[in-house]
Amino acid sequence: MYLVCGEALFDFFCNPGERSGELNFQALVGGSPFNVAVGLRRLGVESALFGGISSDYLGQRLRQVLEEEGVSDRYLIASEAPTTLAMVALDAKGSPQYMFRGEGCADRQLLAEHLPALDEQVSGLHVGSYSLVVPPIGDTLLALVERESERRLISLDPNVRLNPAPNIEHWRQRIESFAAHAHLIKVSEEDLELLYPGIEPLTSIERWLAGRCQVVFLTRGSAGAGVFSRQHGHWSVPARQVATRDTVGAGDTFQAAIIAYLVQHGLDSPAALAALSRERLDAMLDFAVKAAALTCSRVGPQLPYRHELEPYEAVEGREAQ
């Protein structure tokens, strides 16, 4: 089982109405960690979510979705605080722009007293997004990865969202603190530009690889993605060509696919990750790029199921013969 840690919320997609003073809304469950936990289940991996869930109507719907998707609720922390709302508008390129309504909400109310005891079923932990930086959950999750990084695989996705935490220097400090305990990091080119403007991505990635981290995946949107390995150097692959509807959830899909590949091949441990061959890393990268492309072909964070990716693999297998 992989334990995903962080926020669960509702994304309210804002669409223009017929008149200028009118907006139409579509509400979808979301939050980057929530999406990764669901994405793992859809790819055939046992997952659980460690986070605060409200007892309000929206929180009940979040629980219902987790139950329907098969994500374990063992590590959920019930809260009387309300559910966070993320107001989402798409720009001309289909990229989401977020405005959060989350101060004092349930997903932030994780305290040190909520830290769970983990058994051997849990092979790894994933952390990311604004849960890394907002209090008190940020301190709680940092304590958790510090406690567990010697014996479990730790994956990190900064997924920078400045609206709930606008202090970029605080983001930098927190990302570096979490990166010091992470074995695997997935980061977008956009995130690195926000964190370290004007600095080449390779500079930041090499700093991470000089610590505990063994592998970094860098996503570049329509330009594809790359992998940076302490053992094997770095290389890139192009994005798959699809009719893009929007990019919501693409990064979370990429993250879930990386973790799913490791788990399903028995490679979800710090030692196994350090020993990965170049061929394995290339296969992971290819699998994640395919999965993310499928999400981009749909509206909203509609993460793929494992069986939806099998036709791609079958076709490519025949072409390689």
Side-chain angles (χ1 to χ4, degrees), residues 6-7 31-33 35-36 91 93-98 100 126-134 138 141-142 145 154-239 244 246-259 273 281 284-285 288-289 291-293 295-296:
E7 69 264 19
S32 178
N35 289 340
V36 172
D91 65 18
K93 296 180 180 179
S95 297
Q97 307 297 312
Y98 294 92
F100 290 85
H126 174 69
V127 293
S129 197
Y130 70 77
S131 290
L132 304 176
V133 297
V134 298
L141 295 186
L142 184 56
V145 299
I154 307 295
S155 55
L156 166 68
D157 175 10
N159 197 28
V160 178
R161 296 286 180 261
L162 291 179
N163 185 270
N167 186 336
I168 193 62
E169 182 56 36
H170 183 50
W171 272 95
R172 291 189 193 104
Q173 292 171 0
R174 272 309 167 104
I175 295 305
E176 295 303 325
S177 295
F178 278 93
H181 300 283
H183 306 98
L184 184 155
I185 299 173
K186 192 278 287 183
V187 65
S188 71
E189 205 168 45
E190 181 182 22
D191 282 345
L192 284 180
E193 179 58 32
L194 285 170
L195 288 167
Y196 306 107
I199 297 176
E200 284 295 318
L202 185 59
T203 301
S204 300
I205 291 170
E206 286 182 337
R207 183 177 64 255
W208 292 337
L209 290 174
R212 189 184 299 271
C213 184
Q214 294 288 333
V215 182
V216 177
F217 288 89
L218 176 65
T219 58
R220 299 187 174 102
S222 61
V227 58
F228 298 74
S229 164
R230 186 188 296 184
Q231 299 295 328
H232 305 293
H234 61 90
W235 63 97
S236 299
V237 297
T244 299
D246 66 49
T247 63
V248 179
D252 300 331
T253 303
F254 193 102
Q255 181 70 65
I258 290 170
I259 297 171
L273 184 70
L281 286 170
M284 286 174 63
L285 180 60
V289 167
T295 297
C296 290

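Values below: all heavy atoms of this structure, side chains included; hydrogens, waters and symmetry mates excluded. For the single chain, residues carry numbers from 1 onward in sequence order.
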**Q** Please report the closest heavy-atom contact between W171 and P158, naming both atoms and the distance.
**A**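 Looking at all heavy atoms of both residues, the shortest contact is CZ3-O, 3.5 Å.
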
**Q** Mark yes when over 12 heavy atoms from residues, nucleotides or ligands other than E190 sit less than 6.0 Å from its CD; otherwise mark no.
**A**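 Open.
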
**Q** Scan D252, T253, V127 and name whichever one has a side chain to side chain contact (heavy atoms under 4.5 Å, CB included) with V36.
**A**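 That would be D252.
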
**Q** Stepwise, does the side-chain contact (heavy atoms from CB on, under 4.5 Å) test hold for S131 with L141?
**A** CA-CA 8 Å; S131 290; L141 295 186; 3.9 Å; yes

**Q** Is there a donor-acceptor contact under 3.5 Å from the side chain of N35 to the main chain of G249?
**A**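 Looks like no, no N/O pair under 3.5 Å.
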
**Q** Hey, could you give me the CD1/CG distance between I258 and L285, rounded to the nearest 0.5 Å?
**A**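 Reported to 0.5 Å precision, the distance equals 8.0 Å.
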
**Q** Does the plane of the ring in F228 sit parallel, tilted or perpendicular to the ring in H234? Use 30° and 60° as the thresholds.
**A**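 Parallel.
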
**Q** Can you spot which of I205, I185, L273 makes a side chain to side chain contact (heavy atoms under 4.5 Å, CB included) with C213?
**A**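 For C213, the side chain to side chain contact (heavy atoms under 4.5 Å, CB included) test succeeds with only one of I205, I185, L273, which is I185.
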
**Q** Mind running side chain to side chain donor-acceptor pair (under 3.5 Å) on R161 and S32 for me, showing each step along the way?
**A** CA-CA 11 Å; R161 296 286 180 261; S32 178; over 6 Å; no

**Q** State whether the number of non-hydrogen atoms from other residues, nucleotides or ligands found under 6.0 Å of E169 atom CD is greater than 12.
**A**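 Yes - once you tally the heavy atoms of other residues, nucleotides and ligands closer than 6.0 Å, there are more than 12.
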
**Q** With rounding to the nearest 0.5 Å, note down the distance linking OG in S188 to CG in L194.
**A**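 With rounding to 0.5 Å, OG (S188) is 7.5 Å from CG (L194).
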
**Q** To the nearest 0.5 Å, what is the distance between CD1 (I259) and CG (L184)?
**A**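 It is 7.5 Å, given to the nearest 0.5 Å.
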
**Q** Give a yes or no answer on whether the side chain of R230 reaches the backbone of L209 with a donor-acceptor pair at less than 3.5 Å.
**A**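 Looks like yes, one N/O pair under 3.5 Å.
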
